[in-house]
2 protein chains.
Amino acid sequence: MRTSQPLPLYKKLIDDLKTLIDQGTYKKGELLPSENELCKSYGTTRPTVRQALTELINTGYIVRQQGKGSIVAEPKKGLGILSVSGFTAGIGDKNLKTEILEKPQKRTWDNNFFYELTDEELKAGSIYFTRLRYINNLPVLFEETFITNIQLPRFTTRNLEDNSLFNTLSKYYQVEIKEGEQKIWAIGADKKISKMLNLKQGSPIVHMKRKLKTNIRNLNIYSWLYCNTEEYYLHDNF
Amino acid sequence: MRTSQPLPLYKKLIDDLKTLIDQGTYKKGELLPSENELCKSYGTTRPTVRQALTELINTGYIVRQQGKGSIVAEPKKGLGILSVSGFTAGIGDKNLKTEILEKPQKRTWDNNFFYELTDEELKAGSIYFTRLRYINNLPVLFEETFITNIQLPRFTTRNLEDNSLFNTLSKYYQVEIKEGEQKIWAIGADKKISKMLNLKQGSPIVHMKRKLKTNIRNLNIYSWLYCNTEEYYLHDNF
DNA sequence: AAGTGAAACTTGTATATACAAGTTATTAAT
DNA sequence: ATTAATAACTTGTATATACAAGTTTCACTT
C-alpha cells in the first residue's frame with residue numbers, strides 16, 4: 001500500500017474554492033478574495049494562486065476582470081452531466097431519489113463491448129453498477145454504468161445514491177469529465193424495462209449510449225440509459 | 001482610429017501553434033517542440049510558454065503528458081453538431097441528402113415560444129426554415145430551425161442543402177457555436193411526422209429541442225428535431 | 001457640491017529560477 | 001544478447017519578483 005501523496009497546493013486551492021462556491025459561501029456575482037489575499041492565506045505566491053484561478057475559469061466557476069477581481073459565475077453544470085427535468089415547477093432535490101439496483105462490482109469487459117477499448121482499459125477491467133432514478137416516486141431512468149477500473153481504490157465501497165457519481169469522482173479521485181459523445185435512439189420498452197419504468201410494453205422510451213472521457217488517461221465512463229419521457233425529459237449541456 | 005496594440009507574446013504563441021496544427025504542419029499524435037525549445041525560439045521563459053500551451057489544452061488542440069511532451073490531439077468536431085449515423089459501414093456523403101421543405105424566411109417569434117427570448121431577440125425576429133434529411137433515400141430526420149435575425153444579411157438567399165448550416169454561418173458570417181443545451185423525449189410519431197418519415201403512426205421517434213449559443217450576443221439557433229431511429233441513430237459530441 | 005487627480009487597490013503579462021517526477025535513450029554490467 | 005542502472009531529456013509544481021493596465025476610493029481643488 002502506498003501512502004497517499006499530498007495534493008499539490010494549487011489543487012488544494014481549487015478544491016477549497018469550489019467547495020466554498022458550491023456551499024454558497026461565495027455567491028454568484030460576488031468577488032472572491034483577491035489574489036494577494038489568497039497568497040497570504042495559503043502562504044504562497046501569485047503564479048500558484050493564478051494557476052488555481054485559471055482552472056476555475058475553465059470550469060466555469062468564475063470570471064476574472066482586470067482591475068476588479070474574480071467574480072463568481074453562474075454555477076455551470078458539469079460537462080455532459082445528464083439531468084432529468086420536467087415542466088412541473090418545483091422539482092426539488094427532495095423529489096429525486098436514486099436507487100442502486102446492483103452495487104458497484106469489479107467485472108471484465110464484454111467481448112463485444114459496444115465501444116472500442118484500449119489495451120490498458122481491457123487490462124484494467126471495469127467497475128459496473130446499475131441505478132434506477134425516481135422523480136416524485138415515479139421510476140424514470142434506468143442506467144447501467146461501466147467505469148474503467150484505474151486509480152479508483154475502494155471505489156466499490158462508495159455510496160453513489162444521490163446523483164453523486166461525478167462529485168465522488170471529482171472529490172476523492174480528482175477525476176473530471178473532459179469531453180464525451182452520445183448516441184440516441186427511440187425504442188419501444190421491452191418487458192424488463194417496461195416493468196422497471198412502470199410503463200406499458202412498447203411505450204416509446206429514450207435509449208442512449210454515452211462515452212465520457214476524463215482527465216485521467218484510459219479512465220472512461222460508459223453508460224447505457226433507458227428513460228421514460230412521458231412526464232419528464234432528458235436534459236444536457238455542452 | 002486606434003493603432004492596434006501588439007499582441008501579448010503568449011497570445012502570439014497560441015496563434016502560431018494553432019495555425020501550424022490547423023495547417024497540418026504538426027499532425028495528430030505528433031509531439032510539439034518541447035517547452036524549452038519554444039522558449040529559445042521565442043526568446044522567453046517556461047511560464048510564458050506554458051500559459052500558451054495551457055490554453056491549447058483547454059481548446060482541445062493538444063494534450064500534455066509528463067515526461068513525454070505536448071501531443072497534438074484529435075481535431076475536435078464542432079460543438080453541438082448533430083449527425084445521423086448507422087452501423088452499416090460506408091454511409092458516404094453520397095447517400096446523404098437534405099431537402100429544404102420551407103425555404104428560409106423572416107418571421108416573428110411565437111408568443112409562447114418554448115425558450116425564453118431576450119428583448120433584443122424579440123426585436124430582431126427570426127429566420128425560419130424546415131429541412132428533411134435522407135440517408136439512402138430513406139427520410140430519417142425532420143428539422144425545424146429558428147435563427148435570431150441579427151447580422152445575417154442576405155441569409156434567406158443562401159443554399160443550405162448539404163449539411164452546410166454551420167459552415168455557412170462560420171464562413172460568411174463568422175458565427176461559431178459556443179455552447180448549447182438540449183432536451184430529449186421519445187414520442188410516438190403523429191400523423192404528419194409519421195407520413196414524412198415513412199413510419200407507422202405511433203412508432204417511437206426521438207424528439208429534441210435544442211438551443212445553441214454563438215459568439216455573437218443574442219444570436220442563437222433553436223431547432224426542433226424529429227428522428228426515425230429504426231435504422232440509424234443520432235450522434236453528438238460535447 | 002461637483003469635478004479632478006492621485007493613490008491604492010485589482011488583475012495581466014513576463015522574467016528567472018529551482019527542484020520533483022515521468023519518459024526515453026544510452027551506457028555499463030552480467 | 002539481455003538486463004539493469006544511469007543520464008538526458010520531458011512536463012509538473014513552486015518561489016520570488018517586476019512592471020503594465022484597468023477599477024475603485026478618497027482627498028483635494030474648484
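Keep in mind the model is a prediction, meaning the values are calculated, not measured. Letters A, B, ... are given to chains in the order of the sequence lines, protein chains preceding strands, and every chain is numbered from 1.
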Original post:
For the residue pair B:Y222 and B:W224, does the interplanar ring angle fall in the parallel (under 30°), tilted (30 to 60°) or perpendicular (over 60°) class?
Top reply: perpendicular
Original post:
Under 6.0 Å from the CD atom of A:Q105, do we count more than 12 heavy atoms belonging to anything else shown?
Top reply: yes
**OP:** Could you list the residues that satisfy side chain to side chain contact (heavy atoms under 4.5 Å, CB included) with A:P47, not counting sequence neighbours?
**Re:** A:T45
Show me the donor-acceptor pairs within less than 3.5 Å that the side chains of residues 61-73 of chain B make with the rest of the protein, sequence neighbours left out.
unit_1 : atom_1 : unit_2 : atom_2 : d
B:Y61  : OH     : B:D22  : OD1    : 3.4
B:Y61  : OH     : B:D22  : OD2    : 3.3
B:R64  : NH2    : B:T54  : OG1    : 3.3

Original post:
So what stems show up for DNA chain D if we need 3 or more Watson-Crick or G-U pairs in a row, all under 3.5 Å?
Top reply: C:1-30 with D:1-30
**OP:** Using side chain to side chain contact (heavy atoms under 4.5 Å, CB included) as the criterion, list what pairs up with B:D15, not counting sequence neighbours.
**Re:** B:L7
Original post:
Excluding sequence neighbours, so at least two apart, what forms ring-ring contact (aromatic ring centres under 6.0 Å, His included) with B:Y128?
Top reply: B:F146
**OP:** Kindly assign one of parallel, tilted or perpendicular to the pair A:F155 and A:F129, based on the angle between their ring planes and the thresholds 30° and 60°.
**Re:** tilted
**OP:** Can you check each nucleotide of nucleotides 9-16 of chain C against protein heavy atoms at under 4.0 Å and return B for base, S for sugar-phosphate only, - for none, in 5' to 3' order?
**Re:** -BBBBSBB
